[in-house]
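Take a look at the structure below.
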Amino acid sequence: MYARVDDRVLARLSQIVGPNDVLTECEAMAPYSHDETSGLSAWPEVVVKVESAAEVAAVMKLASELNLPVTPRAGGQGLSGGAVPLHGGIVLSVERMNRILEIDHHNLMVTLEPGVITGDLHRAVEAEGLFYPPDPASLDSCCLGGNVAEGAGGPRAVKYGTTKDYVCGLEVVMPGGEILQLGGKRVKDVSGYNLVQLMVGSEGTLGVVTKIVLRLLPLPKARLDLLVPYDDFRKAADTVAAIIAECIIPTTIEFMERDTVKACEKLMGKSVPYSGAAAQLLIQLTGQRSSEVEADMDRVGELCLEHGALDVLVASDPTTRDRLWEARRLIIEALKHESPVNHMEDVSVPRAEIPALLEGVHALSEKMGLRALCFGHAGDGNVHVNLLKDDLPLEKWEKRVDTMQRAIYELTLSLGGALTGEHGIGATRKGFLEYALGKEQVALMQRIKDAFDPQHILNPGKVFV
Ligand SMILES: Cc1cc2nc3c(=O)[nH]c(=O)nc-3n(C[C@H](O)[C@H](O)[C@H](O)COP(=O)(O)OP(=O)(O)OC[C@H]3O[C@@H](n4cnc5c(N)ncnc54)[C@H](O)[C@@H]3O)c2cc1C
């Protein structure tokens, strides 16, 4: 269906970006054949490292002229295979487009390129007293281009929302090579359809993002972190619902089960507080005034104890805080060490349904004889369910994962939830999109795809079957 990359194509790509930024050697291309999705890889025919919107536009014009598939890529940290070039062709890497162009104090906006690492943006704006809240746990390796394309979230979404709540403007190269300026530094803008938000979460299937304008907030001045252990995961889940019902909105409410914490201990080679507890909540409270944050902490602490917490450990200094968060940030890596073959789901339910979701997943795990460890952003209803192969024979594992995946989706949808809260549909969940959304919605999405990319050259094999 698509043309192949041949010497003629390579010569034209070299003219666009220079020969040093066109990779064809296996060793050089290997890192671009996968992202962080377990068990998924595909080889590109060529990797092109672009440095400007003009270069991206020239690559897309060439791809459109010759009918070549193009897979955009930023940090390669995706967990649904979005940056994996399933149809070969060109991997278009924006890693070199990594400049923060402007921090605008008058408008509280930052303008940057898509290859900026998320953690670098945090540090740059915080040094100037400003705050960019979205904080995927991969923040020291993923980039803003990938965050926009995936609509990335993170622990702080409970109070501050996700990437979509901060994107005000985008420069986008269309699959045919046209460069569009969408939105801008405006807080308000209802001129026509909201194409900025259509791009957010479009998983690299509608256009290539080459510039991003993000809204900033004042940096919170006060912060307290609480680690709360429980002897039963149900009590932790009930506490989450109780805190929200009390109208207290912490910055984060993260949930971790014993085996996930134990896996982190193993990986780090040192102990984590309360690692023997059945489940833990990691709660962060922030605000501009210490008195308000302390009052919220008192009430949250009471609610935790009322719901059966074994203790409430408060961290007010940076060293203790870092110690509490170290394990949380390492969970995904630790679970890979625990069972190199594993499968992660990223379901999202209305927050009040968290206890029912966790209860249901545990019942399924027991029924199907498959170890399922839950952790994640319980405060916003987004739970990562990790299925571990351990020493199950491969055939049994594959069968059980398929059955369990469908059962988890059935449970989630019955609770009013969604297949994925932040990791995206990508390559790994596309078979279930119609099941979750229905024929009409998927058909409408396909017509949108056709309007943006009539040749289907941009990131083929993602989102749609
Ligand atoms: C340890 C770990 C922890 C994680 N924690 C979180 C978390 O807390 N929250 C969360 O939301 N995610 C999390 N993730 C998933 C991942 O980090 C996010 O999806 C992130 O947004 C991916 O960014 P990236 O730069 O690595 O994108 P990539 O993997 O390179 O690409 C992701 C998608 O974006 C597209 N894309 C990339 N650049 C562009 C561009 N310039 N224009 C158009 N499309 C583009 C790609 O085609 C692909 O579809 C985690 C991953 C890991 C490995």
Side-chain angles (χ1 to χ4, degrees), residues 31-32 34-38 40 44 50 53 56 59-60 69-86 90-98 112-119 121 134-157 161-164 170-175 199-212 252 254 264 267 328-336 344 346 348 375-377 380 382-384 386 420-428 430 452-453 458-463:
Y32 300 87
H34 62 87
D35 59 7
E36 290 298 312
T37 311
S38 185
L40 183 74
V50 285
V56 175
V59 172
M60 290 316 305
V70 177
T71 305
R73 180 183 179 102
Q77 297 297 303
L79 289 171
S80 56
V84 181
L86 294 184
I90 302 171
V91 162
L92 188 145
S93 170
V94 297
E95 71 202 85
R96 294 258 172 85
M97 298 181 72
N98 59 2
L112 46 85
E113 293 181 325
V116 171
I117 303 257
T118 311
L121 169 65
D135 60 338
S138 51
L139 59 86
D140 281 321
S141 354
C142 67
C143 304
L144 266 303
N147 293 175
V148 170
E150 292 292 349
R156 297 199 285 232
T162 63
T163 306
K164 73 175 187 317
L170 292 174
E171 179 180 78
V172 175
V173 177
M174 296 289 284
M199 289 303 303
V200 178
S202 62
E203 303 192 34
T205 62
L206 299 181
V208 182
V209 173
T210 47
K211 201 186 286 175
I212 305 166
T252 70
E254 293 289 300
C264 294
L267 180 72
R328 170 61 191 91
R329 294 219 181 271
L330 281 174
I331 288 181
I332 292 181
E333 207 186 324
L335 291 178
K336 277 188 186 162
M344 196 196 318
D346 168 48
S348 166
F375 71 94
H377 320 301
D380 55 34
N382 182 203
V383 173
H384 302 321
N386 249 74
T420 167
E422 55 183 25
H423 295 168
I425 293 293
T428 53
K430 61 186 177 182
F452 274 71
D453 181 17
L458 200 56
N459 215 356
K462 312 298 162 56
V463 182

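Both counts, for ligands and for their atoms, begin at 1 and track the order of listing. Quick note: residue numbers are just sequence positions, from 1.
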Checklist outcome for this item: Of V116, N147, V148, V172, the one forming a side-chain contact (heavy atoms from CB on, under 4.5 Å) with I212 is V148

Item to check | Presence of salt bridge, E95 and R73, under 4.0 angstrom | outcome: no

Next on the checklist: Heavy atoms only: which of G376, A149, A83 lies closest to atom 31 (O) of ligand 1?
Outcome noted: A83

Checklist entry - In terms of side-chain geometry, is the basic nitrogen of E254 or R328 positioned less than 4.0 Å from the acidic oxygen of its partner? => result yes

Checklist outcome for this item: Checking heavy atoms under 4.0 Å, the part of N147 that sits near ligand 1 is both

Checklist entry - Does the N or O separation between S138 and ligand 1 drop below 3.5 Å for any pair? => result yes

Checklist entry - Near V208, which atoms of ligand 1 are under 4.0 Å from a heavy atom of that residue? => result 42 (N), 43 (C)

Checklist entry - With atoms numbered from 1 as shown, which atoms in ligand 1 lie under 4.0 angstrom from a non-hydrogen atom of G153? => result 9 (N), 10 (C), 11 (O)

Checklist outcome for this item: Looking only at non-hydrogen atoms, the one of H384, E333, E150 nearest atom 19 (O) of ligand 1 is E150

Item to check | Any N or O of E422 closer than 3.5 Å to N or O of ligand 1 | outcome: yes

Checklist entry - Can you check whether G75 has an N/O within less than 3.5 Å of an N/O in ligand 1? => result yes

Next on the checklist: Please list the nearest protein heavy atom to atom 37 (C) of ligand 1 with its residue and the distance rounded to 0.1 Å.
Outcome noted: A74 N, 3.6 Å

Checklist entry - How does Q77 reach ligand 1, if at all, at less than 4.0 Å between non-hydrogen atoms: by side chain, backbone, both, or neither? => result both

Checklist entry - Do the ring planes of F375 and H384 sit parallel (below 30°), tilted (30 to 60°) or perpendicular (above 60°)? => result perpendicular

Item to check | 4.5 Å side-chain heavy-atom contact, V94 and V50 | outcome: yes

Checklist entry - At a non-hydrogen distance cut-off of under 4.0 Å, which region of H377 contacts ligand 1 (side chain, backbone, both, or neither)? => result side chain

Checklist entry - Hey, is ligand 1 close enough to G78 that some N/O pair sits below 3.5 Å? => result yes

Checklist entry - Any N or O of E203 that comes nearer than 3.5 Å to an N or O of ligand 1? => result yes

Checklist entry - What is the closest protein heavy atom to atom 47 (O) of ligand 1, and at what distance does it sit? => result P72 O, 2.6 Å

Checklist outcome for this item: for atom 2 (C) of ligand 1, nearest protein heavy atom and its distance come out as I332 CD1, 3.6 Å

Checklist entry - Where on T71 is there a heavy atom closer than 4.0 Å to ligand 1, on the side chain, on the backbone, on both, or on neither? => result neither

Checklist entry - So is P114 polar-close to ligand 1, meaning N/O to N/O under 3.5 Å? => result no

